[in-house]
Undergrad: 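Please read through the structure below; I'll follow up with questions.
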There are 2 protein chains.
Amino acid sequence: MAVSHPPISDLESHLGYWLRRVSNDVSASFARRLDGEGVTVAEWVVLRMLQDVGEVAPGRLAEAMRMTRGAISKLAERLVAKGLVDRLEDPADGRGQILALTAAGRAMVPGLAALADANDAAFFGCLEPAERSELERLLRKIATGMTWTACRRTSPVQPTV
Amino acid sequence: MAVSHPPISDLESHLGYWLRRVSNDVSASFARRLDGEGVTVAEWVVLRMLQDVGEVAPGRLAEAMRMTRGAISKLAERLVAKGLVDRLEDPADGRGQILALTAAGRAMVPGLAALADANDAAFFGCLEPAERSELERLLRKIATGMTWTACRRTSPVQPTV
DNA sequence: TTTCGATAGTTTCCTAGTCAACGAAAGGTA
DNA sequence: TACCTTTCGTTGACTAGGAAACTATCGAAA
């Protein structure tokens, strides 16, 4: 051919492809397990985070879950409607709110955590313990790299050259 | 307390949590890069697969991409509307269709692949080459485990006991 | 040859998230 | 004190995918 260009990379040569592929399947399976308890994956994450911290502002939750404030607002509304979360006014800031678990929400967490454990086991049970540790270390390293980069708000994520 | 139960597993102890966390960020970044070219991540995957195989039936595409036939139908419709994919009748089966790239679609693939390369580099550049290989090996192993399990259509994915 | 179950793709409704605009409250500056 | 920018959360429009029902076609069996 008259014009040459670098070979087009394979779909399967992209780590992003494999990550999405595996994550989608793991999450879809987890979503099906949770569906039986009437919560979504994102709702589970909120419940579990609230179990740890007691109460949180929606804005902080949005940061922690890397979602928009609009999404968190709707998510919180659904959890309130399900009676799993309480929405309180922030006494220190009239604009703000405080989210906390209800007794019903708190009671659900152990069972949902067991579903997460089982789902993890179903997908990662094919890995040796050392492989699991290594996968977690690599994912944390990537996540940390993203967090660190994101901390430098003055510049967007850029390709390493 | 009067009633004891096993400790509730940490959110961060679940590999599924880390996978979703990292995958969402990688995909969201990739989606933003692709947005400049007017295609979504899923559309890119279709274009790239068609580059390899030439033509494919929507049903096969649904299997390969682990999406429903309804989603593929809409996805194909969008790509046809964008002039990137042609939809032909299957001469061997009146029900079926054949999807193939248009010249415009084929021309876009190298540039989109370069965006995928750059996105991968941005997120996985913090990994040593050996770590990248290991991550890919682990993800493929998990994906293969899922594929194998999925092949046994007679039984759903179950937790390993 | 006819009938019926299976297959292929479409379409409608629903869900969940993003985006952007909005209103209310807070804080800093003139 | 007043004004303006920033912050907090909400809401409507939109997107993309899943679920389920639908239509058209195919193939096997009676």
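Predicted model only: the values in this text are computed from it and were never measured. Letters A, B, ... are given to chains in the order of the sequence lines, protein chains preceding strands, and every chain is numbered from 1.
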Undergrad: Assign B:Ala42 to base, sugar-phosphate, or nothing according to its heavy-atom contacts below 4.0 angstrom with the strands shown.
TA: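 Sugar-phosphate, no base atom in range.
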Undergrad: Would you call B:Asp117 and A:His14 a side-chain contact if the rule is heavy atoms closer than 4.5 Å?
TA: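 In short, these two side chains touch, coming nearer than 4.5 Å.
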Undergrad: From D:dG9, C:dG17, C:dG9, pick the nucleotide closest to the side chain of A:Arg69?
TA: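 Of all the options, the side chain of A:Arg69 is nearest to D:dG9.
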Undergrad: Counting side-chain heavy atoms from C-beta on, which of D:dA19, C:dT11, C:dT18 comes nearest to B:Ser73?
TA: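 Closest of the options to the side chain of B:Ser73: C:dT11.
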Undergrad: With the side chain of A:Arg60 defined as its heavy atoms from C-beta on, choose the nearest nucleotide among D:dC8, C:dA8, D:dA19.
TA: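 My answer, after comparing the listed nucleotides, is D:dC8.
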Undergrad: Tell me which of B:Lys74 and A:Met67 sits closer to the 5' end of DNA chain C, going by the nucleotide each one is nearest to.
TA: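 Its nucleotide being nearer the 5' end, the pick is B:Lys74.
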Undergrad: When we call it a touch if two heavy atoms are under 4.0 Å apart, what does B:Gly59 touch: a base, just sugar-phosphate, or nothing?
TA: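 Sugar-phosphate, no base atom in range.
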Undergrad: I want to verify a distance call: between D:dA16, C:dT12, C:dT10, whose nearest atom is closest to the B:Arg78 side chain?
TA: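 Nearest to the side chain of B:Arg78 among the choices is D:dA16.
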Undergrad: Please work out if A:Asp93 contacts a base, only the sugar-phosphate, or nothing of the nucleic acid, heavy-atom cut-off 4.0 Å.
TA: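 Since only primed, P, OP1 and OP2 atoms lie under 4.0 Å of A:Asp93, the category is sugar-phosphate.
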Undergrad: Using whole Å, what does the distance between atom P of nucleotide D:dT11 and atom CD of A:Glu77 come to?
TA: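 Those two atoms, CD and P, are 7 Å apart.
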Undergrad: Select base, sugar-phosphate, or nothing to describe what B:Gly94 touches, counting heavy atoms under 4.0 Å on all strands.
TA: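 B:Gly94: backbone/sugar contact only, no base atoms under 4.0 Å.
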Undergrad: Round to a whole Å and report the spacing from CZ of A:Arg66 to P of C:dG17.
TA: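 Answer to the nearest Å: 16 Å.
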Undergrad: Hey, are B:Glu136 and B:Arg140 close enough for a salt bridge, meaning a charged N less than 4.0 Å from a carboxylate O?
TA: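 Looking at B:Glu136 and B:Arg140, the cut-off is met.
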Undergrad: Looking only at side-chain atoms of A:Arg95, point me to the closest of C:dT18, C:dG9, D:dT6.
TA: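 Out of C:dT18, C:dG9, D:dT6, the nucleotide with an atom closest to A:Arg95's side chain is D:dT6.
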Undergrad: Would you mind reading off the distance between B:Leu75 atom CG and D:dG17 atom C1', rounded to a whole angstrom?
TA: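 For the pair B:Leu75 CG and D:dG17 C1', the rounded distance is 10 Å.
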Undergrad: Output yes when a side-chain donor or acceptor of B:Arg132 lies under 3.5 Å from a complementary backbone atom of B:Phe124, and no otherwise.
TA: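 At least one qualifying donor-acceptor pair exists.
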Undergrad: Under 4.0 Å between a Lys/Arg side-chain N and an Asp/Glu carboxylate O for B:Arg137 and B:Glu134?
TA: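 Result for this pair is yes, salt bridge flagged.
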Undergrad: Under 4.0 Å, heavy atoms only, any strand: does B:Arg32 hit a base, just the sugar-phosphate, or nothing?
TA: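 Answer is nothing: B:Arg32 stays at 4.0 Å or more from every strand.
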Undergrad: Using a 4.0 Å heavy-atom cut-off across all strands, classify A:Ala71 as base, sugar-phosphate, or nothing.
TA: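 Base, at least one base heavy atom under 4.0 Å.
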Undergrad: Salt bridge check, A:Glu63 against A:Arg60: does any charged N sit closer than 4.0 Å to a carboxylate O?
TA: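 Yes, this pair counts.
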